[in-house]
There are 2 protein chains.
Amino acid sequence: MDQEQEDILKYDQGTFHPGFSVDCVIFGFHANQLRVLLLKMKGADVWALPGGFVFKDEDVEEAANRVLQLRTGLDNIFLRQFHLFGKPDRSQPDFNAKLLRQRQIPFAPNHWFLQRFITLGFYALVEYSRVTPRPDTNSEACEWWDLQQVPALMQDHRQILDKALEALRLQLAYQPIGYNLLAEKFTMPELQRLYETILGKQLDRRNFQRKILAYDILERLDERRSGVAHKAPYLYRFNLEKYQQALEQGLEGGW
Amino acid sequence: MDQEQEDILKYDQGTFHPGFSVDCVIFGFHANQLRVLLLKMKGADVWALPGGFVFKDEDVEEAANRVLQLRTGLDNIFLRQFHLFGKPDRSQPDFNAKLLRQRQIPFAPNHWFLQRFITLGFYALVEYSRVTPRPDTNSEACEWWDLQQVPALMQDHRQILDKALEALRLQLAYQPIGYNLLAEKFTMPELQRLYETILGKQLDRRNFQRKILAYDILERLDERRSGVAHKAPYLYRFNLEKYQQALEQGLEGGW
DNA sequence: ACAAAAGTGTTACGGCTACACCCATGC
DNA sequence: GCATGGGTGTAGCCGTAACACTTTTGT
């Protein structure tokens, strides 16, 4: 999709599935911190989750994928829907009208962009270093934000973000996470920091290692991370086959 | 909402949030079997999940609640959204047109009921004995079906049902279940059958009892179930306060 | 009396927790 | 050499699985 087509506000009524949007919480991991990719809205002093609309004949999941691809430059991303936000008052037609005026797009009072929207939230896990953040036509910046320092967000986007984090934590309890967030090779401490950041609590170094190794989804390489201070840690990588298997089967049951 | 208003197909364009529906998988438990409430479509030889549309200014969750209330007569039901089904080819405009003709409702080719629909799936847990199944205006029957004997379903409703069951199993792993499905007083074997049915596997009687009691959400009464063959089992009931607490906190973590 | 179901208890195993100890590296 | 972080090991605890025994009820 080229630049011309990307300017969503110029589309006609009838281009998109009406009253429906997708919003993506894109998680990355950098400097031992979980980060999210946010857009700075033009004119307004608020940030927003990358989102978009679904073409009339497009699969909803595919639309989310498209948004991801446009903002990060990446394809084939781990992406999962987690909640539909459907309160009638979550839309702010006045705010959207302001956007249209700012962009100097003529519009009628019944313009599709001013209707009520319900939105499906997705969360995505990406490898931070491979991402090239790219703003869309309604935003003047696209940047990573530390999860602890997220600025004021548009509409109910803060709620969406919180719910995404909750969903991510839940996933952690019964599925492996990491393949999508880390580089191909990583150390055990790096993986542990990732888990700790998502969970928001400290874990015992030795118990973590034992538990994660017991899942039998990791392969230790004969390499070590050199150049760092202190003892050089081993490098690991995921055994993709076993990783996929664990994703499907779930790690533990409870029952 | 009275009968007049319930005939959804007679509503105008603009009454509902466009291109969007909710479908409910209503689970009940009877005769040691998990059952689902299904509607027999008028004319066609297929069954369907109870569903409906969302009024222009209605909360999506509220709409699902309304559907539940209309089909079961119950209020205040355990209800949870689990997945949005958004493939473009899941709608069948021809089938819907047939429905309109059958109901002898005049319609234009661009009638709202013939557009593409995406649907949000909910699952509900209800107390079987309190339900009074009531068909809607598009269906000639509303009945419970044994999960093992579900007939052919409309469109992608079979998929929706399967996904609901999956979500229910997942919930079982980290939250208590039962308060919404059983009568106020119940025996340990009854609760066990419920768990076994949802999980689709047998559990050890004694270990089950210990584990569920360890959750500390049950109260044993001084009564026993009389009249049944063999030794009379104790009656239990949920401690609602602790039950709610367990719902919120989750039973176990994994991490 | 007997079969079937329910109440209660015991033992062994495995995973988790909370530690201690040694090794490597940069300052 | 010392502080810091990484690799490996171990004892105790607890939940779970797999079992045996007793009690109650209907036939």
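Reminder, nothing fancy here: chain letters follow the sequence lines and each chain counts from 1. Quick note: numbers below take in every heavy atom, side chains included, and nothing from hydrogens, waters or symmetry partners.
Of the listed nucleotides (dG7(D), dC16(C), dT10(C)), dG7(D) has the atom at the smallest distance from the side chain of Met188(A). Side-chain proximity of Arg210(A) to dA6(C), dA20(C), dT10(D): nearest is dT10(D). Here dA18(C) is the nucleotide among dA18(D), dT8(D), dA18(C) with the atom lying nearest to any side-chain atom of Asn207(A). In this structure, the nucleotide among dA18(C), dG6(D), dT8(C) sitting nearest to the side chain of Arg205(A) is dG6(D).
Salt-bridge annotation for Glu196(A) and Arg193(A): present, with a side-chain N of the basic residue lying under 4.0 Å from a carboxylate O of the acidic one. Ion pairing between Lys42(A) and Glu140(A) fails under the 4.0 Å rule for side-chain N and carboxylate O.
In this structure, the CG atom of Asp216(B) is 16 Å from the C1' atom of dG15(D), given to the nearest Å. The separation between Gln209(B) atom CD and dT16(D) atom C1' is 15 Å, rounded to whole Å. The nearest whole Å value for the distance from the CZ atom in Arg206(A) to the P atom in dC23(C) is 16 Å. Residue Asn32(B) contributes atom CG, which lies 12 Å from atom P of dA5(C) at whole-angstrom precision. Note: CG (Asp204(B)) to P (dT10(C)) measures 17 Å, nearest angstrom. For the pair Lys211(B) NZ and dA18(D) C1', the computed distance is 15 Å after rounding to whole Å. At whole-Å resolution of the value, CD in Gln192(B) and C1' in dG7(C) are 13 Å apart. Phe186(B) places its CZ atom 16 Å from the C1' atom of dA6(C), with the value rounded to the nearest Å.
Ring pair Trp145(B)/Trp47(B) is perpendicular by interplanar angle, where above 60° counts as perpendicular and below 30° as parallel. The aromatic rings of Tyr128(B) and Trp144(B) lie tilted to each other, with the angle between the two planes from 30° to 60°. Relative ring orientation between Tyr123(B) and Phe82(B) is described as tilted, the plane-to-plane angle lying within the 30° to 60° band.
Of the residues in residues 217-232 of chain B, those placing a heavy atom less than 4.0 Å from an atom of DNA chain C are Arg220(B), His230(B), Lys231(B), in numerical order.
A 4.5 Å side-chain heavy-atom check between Arg90(A) and Gln159(A) finds every atom pair outside the cut-off.
Heavy atoms of other residues, nucleotides or ligands lying less than 6.0 angstrom from CZ of Arg224(A) number more than 12.
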